[in-house]
Amino acid sequence: MSTTDRAEAHAESPRRLAVFCDFDGTFLVQDVGSTLARKYVLERRSETLAHFLRGELTPWECNMEILDGMPVPEEDLEAFLQQVELDPGAEDLLGWCEAKEIPFRILSDGFDRNIDRLKEIFGIEFDYDSNHLRYEDGVWRIAPGYPNPKCGCGTGVCKRGRIDAYRALNPNAFVVHIGNGRISDLCGVLGADLGFAKDTLALALDERGIDYRAFKTLKDVVEQLDELLRDAAFEVEDGR
Ligand SMILES: [Mg+2]
Ligand SMILES: [Zn+2]
């Protein structure tokens with residue numbers, strides 16, 4: 001079913017747009033966890049990824065192997081976070097959603113401590129769901145945020161699960177998910193009404209013959225969402 005069909009199938013009840021967006025590699029240019037892992041636990045990371053590719057570990061089990069206990073001095077983490085960059089359209093997307101009163105939420109398989117710090121550094125505000133990170137004697141201690149045994153993704157934050165939870169409270173939602181990673185974003189797009197994809201997520205969707213909108217930066221996404229809003233296939237304002 002095409003995206004338009006899916007929207008029209010529910011045309012009898014007004015749909016309200018809601019936007020969910022991945023963080024690392026999508027809202028941010030860099031991927032915080034994997035960049036630091038390459039620097040601090042390179043060997044452990046390569047060994048673990050080999051196990052993962054043989055199907056012996058879930059994505060969250062990989063996180064535990066690679067990131068739990070990772071020795072990153074707090075001042076090094078701070079210096080790294082100080083130099084990461086937002087996607088050139090990240091603030092446009094936040095501003096657009098705010099102006100149109102469209103709910104926006106980051107769904108991240110990354111970590112709360114880093115996201116909180118980046119919100120401070122960039123002086124931006126948004127709601128999010130993520131995994132948990134704290135320091136213990138100079139090393140990372142991590143815990144999953146919203147694992148979902150019913151989904152095959154095996155991540156710490158099942159994005160489909162978060163989207164399903166949103167739908168349960170907002171049955172008329174027309175859900176958009178924006179992402180870049182086949183591991184953490186695929187189930188999010190499958191659970192959404194419309195996916196925006198780049199990088200390995202786009203490849204994974206191509207392989208499965210699933211419709212999505214391609215993008216390079218979030219500026220492209222804002223442009224397309226703006227067009228979508230003008231599309232009569234669904235309503236954004238509550239129709240009551
Ligand atoms: Mg990502
Ligand atoms: Zn999932």
Side-chain angles (χ1 to χ4, degrees), residues 1-24 26-27 58-60 63 93-94 96-112 115-116 119 125-132 142-197 201 204-205 208 210-213 218 221 224-225 228-229 231-240:
M1 216 198 269
S2 77
T3 302
T4 315
D5 292 338
R6 275 186 275 175
E8 280 168 359
H10 295 80
E12 66 279 5
S13 58
R15 319 259 342 246
R16 299 206 69 179
L17 188 59
V19 176
F20 293 83
C21 183
D22 172 47
F23 195 63
D24 294 83
T26 302
F27 197 82
T58 66
W60 180 256
N63 271 345
L93 180 62
L94 283 183
W96 184 86
C97 288
E98 197 182 345
K100 308 284 184 191
E101 296 183 15
I102 288 162
F104 175 87
R105 194 172 192 88
I106 290 285
L107 298 182
S108 173
D109 201 27
F111 298 95
D112 48 5
I115 296 172
D116 287 340
K119 284 168 74 171
E125 186 46 48
F126 52 78
D127 294 327
Y128 70 88
D129 297 319
S130 76
N131 298 306
H132 308 295
I142 64 170
Y146 297 92
N148 177 11
K150 286 189 216 142
C151 184
C153 67
T155 63
V157 173
C158 171
K159 298 187 182 184
R160 186 207 312 255
R162 301 316 300 147
I163 289 171
D164 286 350
Y166 183 83
R167 281 194 200 283
L169 297 172
N170 303 273
N172 290 336
F174 183 93
V175 174
V176 169
H177 181 64
I178 310 160
N180 79 320
R182 71 187 307 150
I183 292 171
S184 79
D185 289 306
L186 183 58
C187 75
V189 168
L190 295 176
D193 297 290
L194 173 62
F196 284 88
L201 175 62
L205 292 168
R208 288 162 178 77
I210 295 165
D211 277 354
Y212 65 93
R213 305 277 186 100
L218 295 176
V221 175
Q224 294 191 52
L225 286 178
L228 195 69
L229 257 198
D231 188 336
F234 71 95
E235 290 181 39
V236 175
E237 292 306 317
D238 199 319
R240 280 172 298 180

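Bear in mind the structure is a predicted one, so any value in this text is a computation, not a measurement.
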Do [X] and [Y] come within less than 4.5 Å of each other through their side chains, counting heavy atoms only?
X: L229; Y: I102; answer: yes
X: L205; Y: L186; answer: yes
X: F104; Y: C21; answer: yes

Listed by chain and number, what are the side-chain hydrogen bond (donor to acceptor under 3.5 Å, both in side chains) partners of [X], not counting sequence neighbours?
X: D129; result: R105, R162
X: Q224; result: R213
X: Y128; result: D116
X: W96; result: D226

#### Entry: Set of residues satisfying salt bridge (charged side-chain N to carboxylate O under 4.0 Å, His left out) with respect to D22, sequence neighbours excluded
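Residues passing salt bridge (charged side-chain N to carboxylate O under 4.0 Å, His left out) with D22: K159.
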
### Task
Apply the test side-chain contact (heavy atoms from CB on, under 4.5 Å) to residues E125 and L94: give CA-CA distance (whole Å), side-chain angles for both, the deciding distance (0.1 Å), then the verdict.
CA-CA 9 Å; E125 186 46 48; L94 283 183; over 6 Å; no

Tell me whether [X] contacts the main-chain N or O of [Y] through its side chain, where contact means a donor paired with an acceptor under 3.5 Å.
X: D109; Y: S184; result: no
X: T155; Y: P59; result: no
X: N131; Y: G145; result: yes
X: N170; Y: N172; result: no

Can you give me the closest heavy-atom contact between [X] and [Y], atom names plus distance?
X: G156; Y: W60; answer: CA-CE3, 3.6 Å
X: I163; Y: G191; answer: CG2-O, 3.5 Å
X: C158; Y: C187; answer: SG-SG, 3.8 Å

### Task
Sort and list the pairs that fulfil salt bridge (Lys or Arg N to Asp or Glu O under 4.0 Å) and have at least one residue in residues 164-180, not counting sequence neighbours.
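Found R167-D193.
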
### Query
side-chain contact (heavy atoms from CB on, under 4.5 Å) between I106 and D127: does it pass, once the steps are laid out?
CA-CA 6 Å; I106 290 285; D127 294 327; over 6 Å; no

### Query
When F27 is tested against each of F196, F20, F126 for ring-ring contact (aromatic ring centres under 6.0 Å, His included), which residue passes?
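Only one option passes, and that is F126.
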
### Task
Could you go through the side-chain contact (heavy atoms from CB on, under 4.5 Å) check for S108 and I115 one step at a time?
CA-CA 9 Å; S108 173; I115 296 172; 3.7 Å; yes

### Message
How long is the straight-line distance from CG of L107 back to NE2 of H177, given to the nearest 0.5 Å?
### Response
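H177 atom NE2 to L107 atom CG measures 6.0 Å (nearest 0.5 Å).
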
### Query
After noting the C-alpha distance and the side-chain angles of N180 and T26, does the key distance pass the side-chain hydrogen bond (donor to acceptor under 3.5 Å, both in side chains) rule?
CA-CA 6 Å; N180 79 320; T26 302; 3.3 Å; yes

### Message
Run the side-chain contact (heavy atoms from CB on, under 4.5 Å) test on I142 and H132 for me, step by step, so that the C-alpha distance in whole Å, both residues' side-chain angles and the decisive distance to 0.1 Å come before the verdict.
### Response
CA-CA 5 Å; I142 64 170; H132 308 295; over 6 Å; no

